[in-house]
Amino acid sequence: MKKIVIFDYDETLIRATTPEGETLSGFYRRNTFFNNLFYKKTNLVKYAREQKANGNLIVICTAREKRIWLRLILFLKRIPCDILIERKKGDKTPSGLLKKRQLLDLIISDNRYIFLDKEFFDDNNENLFEVKKLNIKVYDAKKLI
């Protein structure tokens, strides 16, 4: 393992836009297993596969509440994932702070992770701003997909 490559899920690995005027919580409730089967993958999935083939650790960090079926969707869509980080049910933490805390917890969970290079891909500027504070290279997925 040479580095850790971290991806957001919605609008980074898949195209699942929130309709105008719909709240994110409404989107996540409507976001069922069945709907997820039909979301199109972005070209960052190809990058994730390349990174996995190079022996890097692939992490998906989403602000979605935990769903028991998300790992199955990743498998069916052939999206590599070594570690899946989801929001705990009922957690109302803003997504930028949530992801920063989750990734800090991940990094300190294993001494090998501390000194590895890390890349983070997300479509949300708040998330990018907060995660960058952890000295992680951040990339705006909107500019890459």
query: With the threshold set at 4.0 Å, does a side-chain nitrogen-carboxylate oxygen contact exist between Glu130 and Lys99?
result: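 No, Glu130 and Lys99 are not salt-bridged.
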[atom2] on [Y] to [atom1] on [X], rounded to 0.5 Å:
X	Y	atom1	atom2	value
Leu57	Ile4	CG	CD1	5.5 Å
Lys133	Asn135	NZ	CG	13.5 Å
Ile107	Leu134	CD1	CG	5.5 Å
Leu97	Asp91	CG	CG	10.5 Å
Leu104	Gln102	CG	CD	11.0 Å
Cys81	Leu74	SG	CG	5.5 Å

Where is the tightest heavy-atom contact between [X] and [Y], given as atom of each residue plus distance?
X	Y	result
Leu44	Ala141	CD1-CB, 3.9 Å
Arg87	Lys92	NH1-C, 3.8 Å
Leu13	Ile79	CD1-CG2, 3.9 Å
Ile6	Cys61	CG2-CB, 4.0 Å
Ile114	Lys118	O-NZ, 3.1 Å
Ile58	Ala48	CD1-O, 3.7 Å

- request: Describe, in one word, how the ring planes of Tyr139 and Phe121 are oriented to each other, choosing from parallel (under 30°), tilted (30 to 60°) and perpendicular (over 60°).
  value: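 The arrangement is parallel - the two ring planes meet at less than 30°.
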Same apolar cluster (I L V M F W Y, side chains within < 4.5 Å links), Leu98/Ile83: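 Different hydrophobic clusters.
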task: Answer yes if Ile60 and Leu144 sit in the same cluster of Ile, Leu, Val, Met, Phe, Trp and Tyr residues linked by side chain heavy atoms under 4.5 Å apart, and no otherwise.
output: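 Hydrophobic grouping puts Ile60 with Leu144.
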In terms of heavy-atom contacts, does [atom1] of [X] have more than 12 from other residues, nucleotides or ligands at under 6.0 Å?
X	atom1	result
Ile68	CD1	no
Lys143	NZ	no
Asn43	CG	yes

Can you check whether [X] reaches [Y] side chain to side chain, under 4.5 Å on heavy atoms?
X	Y	result
Asp8	Asn124	no
Lys52	Asp82	yes
Ile85	Leu103	yes
Val59	Tyr113	no

- request: Might you work through the side chain to side chain contact (heavy atoms under 4.5 Å, CB included) test for Tyr47 and Val5, ending with a clear yes or no?
  value: CA-CA 10 Å; Tyr47 181 73; Val5 187; 4.1 Å; yes
field: Listed partners of Glu86 passing side chain to side chain contact (heavy atoms under 4.5 Å, CB included), at least two apart
entry: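 Per chain and number, Glu86 pairs via side chain to side chain contact (heavy atoms under 4.5 Å, CB included) with Thr62, Lys66, Arg67, Leu70, Leu84.
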task: Kindly determine whether Asp140 and Asn125 satisfy side chain to side chain contact (heavy atoms under 4.5 Å, CB included), including the steps that lead there.
output: CA-CA 8 Å; Asp140 186 345; Asn125 287 330; 3.9 Å; yes
task: Apply the test side chain to side chain contact (heavy atoms under 4.5 Å, CB included) to residues Lys2 and Asp117: give CA-CA distance (whole Å), side-chain angles for both, the deciding distance (0.1 Å), then the verdict.
output: CA-CA 7 Å; Lys2 302 170 206 153; Asp117 287 338; over 6 Å; no
Indicate yes or no for a side-chain donor-acceptor contact from [X] to the backbone of [Y] under 3.5 Å, with no hydrogens or angles considered.
X	Y	value
Gln51	Asn56	no
Lys77	Tyr39	yes
Arg78	Arg49	no

query: Between Tyr9 and Ile73, is a side chain to side chain contact (heavy atoms under 4.5 Å, CB included) present by the stated rule, with each step listed?
result: CA-CA 11 Å; Tyr9 182 64; Ile73 289 291; 3.3 Å; yes
task: Report the residue from Lys132, Lys3, Lys137 that forms a salt bridge (Lys or Arg N to Asp or Glu O under 4.0 Å) with Glu119.
output: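 Of Lys132, Lys3, Lys137, salt bridge (Lys or Arg N to Asp or Glu O under 4.0 Å) with Glu119 is met by Lys3 alone.
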